[in-house]
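To keep things clear, I will list the structure first and then write my remarks on it.
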Amino acid sequence: MTVDLQATPHERAAQGFLRAFGTPAQRVARAPARVNLIGEHTDYNEGFAMPCAIDRDTVVAAAPRDDDVVEVLACDIDGATGRFRVGDAADVGGSPQWLRYVQGMVAVLKEQGRAVGGAQLAIAGNVPQGAGLSSSASLELAVGHALAALNGWQITPEAMALAGQWAENVFAGCQCGVLDQMSSALGVDGHALLLDCRSLDVRPIPLPAGTAVLVIDSKIQRGLVDSEYNLRRQQCEAAASGLGVKALRDVDDSLWSRRGGSLDLVVRRRARHIISDSRRCELLAVAMEQGDLQEIGRLMRESHWSMRDDFEITVPAIDALAALVQDVIGDAGGARMTGGGFGGCVIALAPRDTVDEIRAAVVRGYRSPDGREAEVHVCSASGGAGVLA
Ligand code: GLA
């Protein structure tokens, strides 16, 4: 199959739909990817995070069928297809991973009592895969909004985000928190989101004027991600239960100084990362509102060191990449690894006029362990998921 690399995801989904199903799509939905500026692994500890949705999307072109069969075309995976009955959506045993997200959304939304009929869906996107930018959450939410449009019901962004998280937890096998889905659901143009992962309150925080969001893909594929992710989650739960609280969100200074020392050494370090990174989110919100780039840089650097030393989710090549970018930025912004860890992307908030210099420094100074160059994406903070047509 020939792929038109100039075409937008919307155009590719619409063209793929027409080729596969012989008629034009009737509805189109989109959902963005996300980066997290600070607050890593805090979501399942009910703390704060500070993500922003970015202008990289998954798009689903859709039409209803008059039976209960769902046919799916994945335009970006060599035209792979899938087919299942709405009533059998939960049966993901023999399905490839990409199709499990689609089946998961159908199963969850149906389970919630929403009308879900048969459908034809064509999916296309421009979210780098396996880079930790939440291509899966953007797929879940784009499918969810396509189903809402086809079946004529409304849903709040929070409920859609929780449906996506549920689909991922139960049907795709990752015990993720709600960060990715909330970011994709509630993104605001030009803003990051101070996200309270307990109440699901979101406060949009404008990105400082004149800054760019750079997403630097290290090309280190995130190995071990699920097992290490689930292990971190267990360690955080062990810390919360050792401290006698529901979640690490509930640990204040006094409790930490009285009881932190009683925790197992590794578990204590894990908890220290969560507690400090959640606080850094609130401090970052203030620094961003004041346009204090020096403070933004300090917080992002500390967050990286905390992930490296206490949470142990970085790898040496990513540490070097973040340090290299930070060196170019100096006091005028910050850089750190973003996402679940063990590879993926470094994010930088930096003055727009330093973008070329950062790019040049990355080309000169970075190669992944298997010799690949990093890819630098200059992104803008984008609006949240919804129906395009
Ligand atoms: C992954 C998970 C999120 C979150 C981040 C780390 O992206 O899907 O829920 O835990 O890692 O902040």
Side-chain angles (χ1 to χ4, degrees), residues 31-54 56 97 100-101 104 127-141 158 161-187 192-198 200 202 215 217 221-237 247-249 270-271 273-281 284 300 303-304 306-308 310-315 318 336-347:
R34 66 98 187 92
V35 287
N36 197 16
L37 299 185
I38 212 158
E40 224 61 83
H41 289 254
T42 48
D43 59 349
Y44 55 80
N45 291 289
E46 302 185 17
F48 288 93
M50 175 79 87
C52 70
I54 56 173
R56 301 292 186 279
Q97 189 69 16
R100 293 180 184 209
Y101 299 112
V127 183
Q129 307 283 308
L133 300 178
S134 299
S135 52
S136 55
S138 74
L139 171 57
E140 291 149 14
L141 269 75
E158 291 81 1
L162 291 169
Q165 183 196 14
W166 183 5
E168 184 128 357
N169 289 169
V170 175
F171 298 100
C174 179
Q175 294 306 309
C176 65
V178 76
L179 168 72
D180 308 340
Q181 291 80 8
M182 282 292 286
S183 320
S184 182
L186 281 150
L193 308 173
L194 178 61
L195 169 61
D196 180 334
C197 300
R198 171 167 279 171
L200 300 189
V202 163
V215 179
D217 183 352
Q221 287 286 330
R222 300 172 305 136
L224 290 177
V225 110
D226 287 348
S227 58
E228 290 292 336
Y229 187 93
N230 294 341
L231 176 61
R232 292 301 178 282
R233 194 166 175 151
Q234 282 161 22
Q235 291 166 331
C236 291
E237 282 160 8
L248 288 176
R249 158 68 173 268
R270 304 295 188 248
H273 164 74
I274 298 299
I275 296 164
S276 64
D277 226 32
S278 185
R279 295 226 175 111
R280 278 187 285 270
C281 293
L284 185 67
M300 291 177 79
S303 175
H304 187 94
S306 173
M307 292 189 294
R308 181 191 64 194
D310 277 349
F311 218 59
E312 296 183 280
I313 54 169
T314 71
V315 294
I318 293 258
R336 60 181 281 281
M337 185 189 74
T338 184
F342 305 99
C345 292
V346 164
I347 179 170

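In listed order, ligands and their atoms are each counted from 1.
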With only distance considered, is [X] within less than 3.5 Å of ligand 1 through an N or O on each side?
X      : value
Arg34  : yes
Tyr44  : no
Gly177 : yes

message: Which heavy atom of Met307 sits nearest to which heavy atom of Met337, and what is that distance?
response: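 Shortest heavy-atom contact: CE-O, 3.2 Å.
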- request: Can you sort out the partners of Arg233 under salt bridge (charged side-chain N to carboxylate O under 4.0 Å, His left out), two or more places apart, ordered by chain and number?
  value: Glu237
Nearest protein heavy-atom contact for [atom]: which residue, which atom, what distance?
atom                    : result
atom 5 (C) of ligand 1  : Leu179 CD2, 4.0 Å
atom 10 (O) of ligand 1 : Tyr229 OH, 2.6 Å
atom 8 (O) of ligand 1  : Asp180 OD2, 2.5 Å
atom 4 (C) of ligand 1  : Asp43 OD2, 3.3 Å

query: Pick one: which of Arg280, Arg279, His273 meets side-chain hydrogen bond (donor to acceptor under 3.5 Å, both in side chains) with Ser276?
result: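 Result: among Arg280, Arg279, His273, Arg280 is the only option passing the side-chain hydrogen bond (donor to acceptor under 3.5 Å, both in side chains) with Ser276.
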- line: Result for side-chain hydrogen bond (donor to acceptor under 3.5 Å, both in side chains) between Arg34 and one of Ser134, Ser184, Ser183 points to Ser134
task: Only counting residues at least two apart or in another chain, list the ones meeting ring-ring contact (aromatic ring centres under 6.0 Å, His included) with His304.
output: none
- prompt: Side chain of Gln97, backbone of Ala172: donor and acceptor closer than 3.5 Å?
  reply: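 Pair found, side chain donor or acceptor close to backbone of Ala172.
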